[in-house]
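Report on the structure given below.
Side-chain atoms are counted along with the backbone in the values below, which use heavy atoms only and exclude waters and symmetry mates. Note that the structure is a prediction, hence the values are computed from the model and not measured.
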Amino acid sequence: MPDHDTDQPAEMRSGFVALAGRPNVGKSSLTNAIVGQKVTIVSPRPQTTRHEIRGMLTRADAQLVLVDTPGVHKPKTAMGKRLNRTATEAREDTDATVLVVDASKGVGGPGDARLMAAMPDDVIVAINKIDRLPQEQVLAAIKNAAALAKRFERGAVEIFPISARTNKGVPELTEYLIGLLPPGPLWYPEDQVRDSTEGFWVAELVREQLLATAREELPHSIATRCVELNWPYVEVEILVERISQKGMVIGQGGENLKRAGIGARRLLPEGTHLELKVKVNRDWQRKDAELDKLGY
């Protein structure tokens, strides 16, 4: 007798998985790696991710919605407190949580411990940046992660050594996460890979380019927002906190601003006219009213 079940489509699974961790552990890079394309900006600067960013991987059998969150840190400003709150709240309504740790910085320190203490019992640990380490240090990181989970009674935690940069271990992690999703329909259209608006995305691309060349004191003081979007014309406003910072962002002869514009345009539709303007908004990241306007 023929097996009629072989022609039946697999049951669709769909759900949300939060990526948590300290700043610069590679949550955004991992989001991009799993989705298979750029859906969130990346930078070696702390607090690059400032919002809850969602990236979608949709297959014939599943839709995995990744919730990229700001890095949890000790806040020094009103914005820092809001970023921590965003990171915490983003984990509340997800089907699973992945704690991302940085193998190159050592695993199991006070920062990782604070986060592990706040994780659900079924947390998954992704040990990122293993491509930077010899095998013995990777094994040590796995051992430390297991000890950390045991310390906080997290049970038999699943641990995945990965490299978001080289994609090593990412397919295995992806399959495991999809296996955790409950049966359900698509939450987003199958061709959608991110939930941010076009204006937000353009502003983020500009900020990513600025972070690549910004001096050490500038990254936290830079914010970007799209003030006009009428394709192909786009205007993005760049906020800084000091007059002196305005000069740093613009650069000598406008070189820094020009470089940022060129870099952002490479990732935008051909023919986009991108206008960048720099504005001083003193101490914006310490003012609740300004943070509200920026959507933090």
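Summarising the geometry, atom CG belonging to Leu291 is positioned 8.0 Å from atom CD belonging to Gln285; distances are rounded to the nearest 0.5 Å. Note: Ile162 CD1 to Leu173 CG = 6.0 Å, rounded to the nearest 0.5 Å. If you take CD1 on Ile127 and OG on Ser104, they are separated by 12.0 Å, rounding to the nearest 0.5 Å. Taken from CH2 in Trp201 to CG in Leu229, the straight-line distance is 14.5 Å, to the nearest 0.5 Å. To the nearest 0.5 Å, the span separating CZ on Arg54 from OH on Tyr188 amounts to 4.0 Å. How far CG of Leu276 is from CD of Gln209: 10.5 Å, rounded to the nearest 0.5 Å.
Note on Met56 and Ile53: separate hydrophobic clusters, where clusters join Ile, Leu, Val, Met, Phe, Trp and Tyr whose side-chain heavy atoms are under 4.5 Å apart, directly or indirectly. At a threshold of 4.5 Å between side-chain heavy atoms, the hydrophobic network of Ile, Leu, Val, Met, Phe, Trp and Tyr places Leu181 and Phe160 in one connected group. A single hydrophobic cluster is seen to contain both Ile178 and Ile124, as judged by linkage of ILVMFWY side chains at heavy-atom distances under 4.5 Å, directly or through other members. Hydrophobic clustering (side-chain heavy atoms under 4.5 Å, transitive across Ile, Leu, Val, Met, Phe, Trp, Tyr) keeps Val227 apart from Ile238. Follow the hydrophobic side-chain contacts under 4.5 Å out from Val35 and you reach Tyr176 in the same cluster.
Two residues are said to be in side-chain contact when any heavy atoms from C-beta on lie closer than 4.5 Å; Val278 and Val240 meet this criterion. Residues Val98 and Leu66 are not in side-chain contact: their nearest non-hydrogen atoms beyond the backbone lie 4.5 Å or more apart. Residues Glu235 and Tyr233 form a side-chain contact, since some pair of their non-hydrogen atoms from C-beta on lies under 4.5 Å apart. Ile250 has its side chain out of reach of Asn256: every pair of non-hydrogen atoms, C-beta onward, lies at least 4.5 Å apart. Between Val100 and Val25, some side-chain heavy-atom pair lies under the 4.5 Å cut-off. Residues Val125 and Ile142 have side chains not in contact (no heavy-atom distance under 4.5 Å, counting atoms from C-beta outward).
Applying the side chain to side chain contact (heavy atoms under 4.5 Å, CB included) criterion to Pro44, with sequence neighbours excluded, gives no partner residue. For the side chain to side chain contact (heavy atoms under 4.5 Å, CB included) test, residues two or more places apart in sequence or in another chain that qualify with Lys168 are Ile130, Ser163, Thr166. Qualifying salt bridge (charged side-chain N to carboxylate O under 4.0 Å, His left out) partners for Asp283, counting only residues two or more places apart in sequence or in other chains: Arg242.
Minimum interatomic distance between Leu211 and Ser43 (heavy atoms only, all atoms of both residues): CB-OG, 3.7 Å. Of all heavy-atom pairs between Ser28 and Ile41, the closest is CB-O, 3.5 Å. In terms of heavy-atom proximity, Gly106 sits nearest to Asp112 at O-OD2, 3.9 Å. Closest approach of Val170 to Ala164, counting heavy atoms only: CG2-CA, 4.3 Å. A pairwise comparison of heavy atoms in Pro183 and Glu11 identifies CB-OE2, 3.5 Å as the closest pair. In plain terms, the two heavy atoms of Ile159 and Ala146 that are nearest each other are CD1-N, 3.6 Å.
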Inset, instruction - Could you go through the side chain to side chain donor-acceptor pair (under 3.5 Å) check for Ser14 and Gln63 one step at a time? - result: CA-CA 5 Å; Ser14 62; Gln63 183 175 76; 5.9 Å; no
Inset, instruction - Decide side chain to side chain contact (heavy atoms under 4.5 Å, CB included) for Asn32 and Leu30; before the verdict, give the C-alpha distance in whole Å, the side-chain angles of both, and the deciding distance to 0.1 Å. - result: CA-CA 5 Å; Asn32 292 338; Leu30 179 55; over 6 Å; no
Inset, instruction - Check the pair Arg165 / Lys129 against side chain to side chain contact (heavy atoms under 4.5 Å, CB included), numbers first and verdict last. - result: CA-CA 7 Å; Arg165 186 178 70 86; Lys129 306 183 185 181; over 6 Å; no
Inset, instruction - Could you give me the CA-CA distance, side-chain angles and deciding distance for Glu208 and Glu204, then say whether side chain to side chain contact (heavy atoms under 4.5 Å, CB included) is met? - result: CA-CA 6 Å; Glu208 181 181 48; Glu204 285 287 273; over 6 Å; no
Inset, instruction - Test salt bridge (charged side-chain N to carboxylate O under 4.0 Å, His left out) on Arg22 and Asp102 and set out the steps. - result: CA-CA 9 Å; Arg22 293 181 294 153; Asp102 184 348; over 6 Å; no
Inset, instruction - Could you check Arg194 against Glu198 for salt bridge (charged side-chain N to carboxylate O under 4.0 Å, His left out), going step by step and ending with a plain yes or no? - result: CA-CA 10 Å; Arg194 53 182 169 81; Glu198 290 300 317; 3.6 Å; yes
Inset, instruction - Go through Thr272 and Val234 one step at a time and tell me if the side chain to side chain contact (heavy atoms under 4.5 Å, CB included) criterion holds. - result: CA-CA 7 Å; Thr272 298; Val234 186; 4.0 Å; yes
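A donor-acceptor distance shorter than 3.5 angstrom exists from the side chain of Gln245 to the backbone of Glu241, with no hydrogens or angles considered. At least one donor-acceptor pair closer than 3.5 Å links the side chain of Thr69 to the backbone N or O of Leu19. Judged by distance alone, the side chain of Arg265 and the main-chain N or O of Gly261 form a donor-acceptor pair under 3.5 Å. Side chain of Asp95 to backbone of Val17: no donor-acceptor contact under 3.5 angstrom is found. Under a 3.5 Å cut-off, the side chain of Arg154 and the backbone N or O of Met116 do form a donor-acceptor pair. When atom types are taken as modelled, the side chain of Thr197 and the backbone of Phe200 share a donor-acceptor pair closer than 3.5 angstrom. Using modelled atom types, no side-chain atom of Arg259 and backbone atom of Gly254 make a donor-acceptor pair closer than 3.5 Å. Counting only distance, with no hydrogens or angles, the side chain of Trp231 and the backbone of Pro269 share no donor-acceptor pair below 3.5 Å. Remark: side-chain polar atoms of Arg225 are not paired, donor with acceptor, to backbone N or O of Ala203 under 3.5 angstrom.
Counting heavy-atom neighbours within 6.0 Å of Glu136 CD, excluding the residue itself, gives a total above 12. Counting non-hydrogen atoms of neighbouring residues, nucleotides and ligands closer than 6.0 angstrom, the NZ atom of Lys287 exceeds 12 such neighbours.
Classified by interplanar angle (parallel below 30°, tilted 30° to 60°, perpendicular above 60°), the ring pair Phe16/Trp187 is perpendicular.
A salt bridge between Glu175 and Arg59 is present, with a side-chain N of the basic residue lying under 4.0 Å from a carboxylate O of the acidic one. Taking 4.0 Å as the cut-off between side-chain N and carboxylate O, Arg266 and Glu270 do not count as a salt-bridged pair. By the 4.0 Å N-to-carboxylate-O rule, Lys258 lies too far from Glu255 to be salt-bridged with it. The existence of a salt bridge linking Lys27 and Asp68 is excluded, since no basic side-chain nitrogen approaches an acidic carboxylate oxygen closer than 4.0 Å.
Counted by atom type alone, Thr58 and Glu190 present zero donor-acceptor pairs between their side chains at under 3.5 Å. Checked by atom type, the side-chain pair Glu290/Asn281 shows a donor-acceptor distance below 3.5 Å.
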